[in-house]
Amino acid sequence: MLYHPDFIFYLWITPVFCLLFLPLSLNIAGLLLRLTRSYFFTGDNIDKEQRKHPRFIPYEGTFAEISAGELTCSGLVCDISRLGISFKHLPDKFYDKMGKLKVVIRGYGVDHNLLIKPKWVSVTESGKQIGAEIDDAPPGWSQFLHQSNRKSQSEAA
């Protein structure tokens, strides 16, 4: 009379439910929730960068003279925006932790002197690449961006 089939069944099904079915159902519910959120809440913004100002690739061959103290080197401008800029093909001896850098960009017959703060550094096969925030830009910087944007769009077409 000590043997009760319902009691034995509950003793067997409780660990199986707690260790197998409950975590599996929670993972499936979480996955469905993430998929639903990404579908309904991001919509057309999938893989778009959320930036205050658009960035673009300047016309081919835009070089900059970058100086930090006594070290001066030249680099190719990768992309620019109103508040940011990135350079590539910098020498490996370029120090990663520099505070502020002075940059001179020549374009359309005018030298643009910028003061930038590096934000990230990446090492590539062709040298270092840095991204920086523009700390101080000259008054003609917006005009330079506008001309560079038009030129890069005409080259792309």
Side-chain angles (χ1 to χ4, degrees), residues 3-64 66 68 73-101 103 105 107 112 114-138 140-157:
Y3 179 72
H4 196 283
D6 289 338
F7 182 68
I8 299 295
F9 176 75
Y10 290 127
L11 285 177
W12 177 83
I13 197 69
T14 302
V16 170
F17 178 76
C18 289
L19 296 175
L20 184 66
F21 292 116
L22 185 62
L24 183 63
S25 61
L26 289 176
N27 282 333
I28 290 172
L31 177 66
L32 290 174
L33 183 63
R34 282 193 304 271
L35 289 173
T36 304
R37 283 183 181 166
S38 68
Y39 180 74
F40 286 114
F41 292 122
T42 58
D44 295 334
N45 292 337
I46 295 174
D47 293 334
K48 287 188 180 177
E49 295 180 4
Q50 302 296 323
R51 295 180 175 266
K52 292 180 183 177
H53 304 283
R55 68 178 180 175
F56 57 90
I57 299 171
Y59 62 91
E60 199 61 36
T62 304
F63 284 95
I66 305 164
C73 62
S74 65
L76 184 65
V77 179
C78 296
D79 59 47
I80 53 177
S81 71
R82 190 169 156 249
L83 298 176
I85 191 165
S86 67
F87 307 100
K88 61 182 177 180
H89 303 303
L90 297 173
D92 289 334
K93 66 181 179 179
F94 197 76
Y95 183 58
D96 297 350
K97 307 288 187 224
M98 294 182 177
K100 290 189 179 184
L101 304 172
V103 176
I105 299 176
H112 301 282
L114 305 171
L115 189 62
I116 63 170
K117 289 189 292 187
K119 293 294 182 181
W120 55 267
V121 176
S122 168
V123 179
T124 62
E125 293 176 1
S126 61
K128 289 188 178 180
Q129 182 174 355
I130 66 166
E133 176 183 347
I134 298 174
D135 204 30
D136 185 28
W141 182 244
S142 297
Q143 182 66 23
F144 173 75
L145 290 176
H146 183 66
Q147 289 174 339
S148 296
N149 191 15
R150 281 192 306 184
K151 178 124 175 142
S152 66
Q153 287 177 351
S154 67
E155 286 178 357

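The basis for the numbers below is simple: all heavy atoms, side chains too, and nothing from hydrogens, waters or symmetry mates.
- Closest heavy-atom contact between V77 and I80: CG1-CG2, 3.4 Å.
- D135 pairs by the salt bridge (charged side-chain N to carboxylate O under 4.0 Å, His left out) definition with K100, not counting sequence neighbours.
- L26 meets the side chain to side chain contact (heavy atoms under 4.5 Å, CB included) test with L22; sequence neighbours excluded.
- Considering every non-hydrogen atom in both A64 and V103, the closest pair reads CB-CG1, 3.7 Å.
- With sequence neighbours excluded, the residues that form a side chain to side chain contact (heavy atoms under 4.5 Å, CB included) with L31 are R34, L35.
- Sequence neighbours left out, the pairs with a member in residues 114-123 that pass side-chain hydrogen bond (donor to acceptor under 3.5 Å, both in side chains) are K119-E133.
- Atom CG of L19 sits about 12.5 Å away from atom CG of L24, to the nearest 0.5 Å.
- Minimum interatomic distance between P118 and A132 (heavy atoms only, all atoms of both residues): CA-CB, 3.8 Å.
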Could you walk me through whether L101 and F87 pass the side-chain contact (heavy atoms from CB on, under 4.5 Å) check? CA-CA 12 Å; L101 304 172; F87 307 100; over 6 Å; no
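- Between D136 and the choices L115, I116, L114, the side chain to side chain contact (heavy atoms under 4.5 Å, CB included) rule is met once, by L115.
- Annotation for P23 and C18: closest pair CD-O, 3.4 Å, computed over non-hydrogen atoms.
- A pairwise comparison of heavy atoms in G75 and L90 identifies CA-CD2, 3.8 Å as the closest pair.
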Is there a side-chain contact (heavy atoms from CB on, under 4.5 Å) between I85 and I105 once you walk through the steps? CA-CA 11 Å; I85 191 165; I105 299 176; 3.4 Å; yes
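- To the nearest 0.5 Å, atoms NE2 (H89) and CD (Q129) are separated by 8.5 Å.
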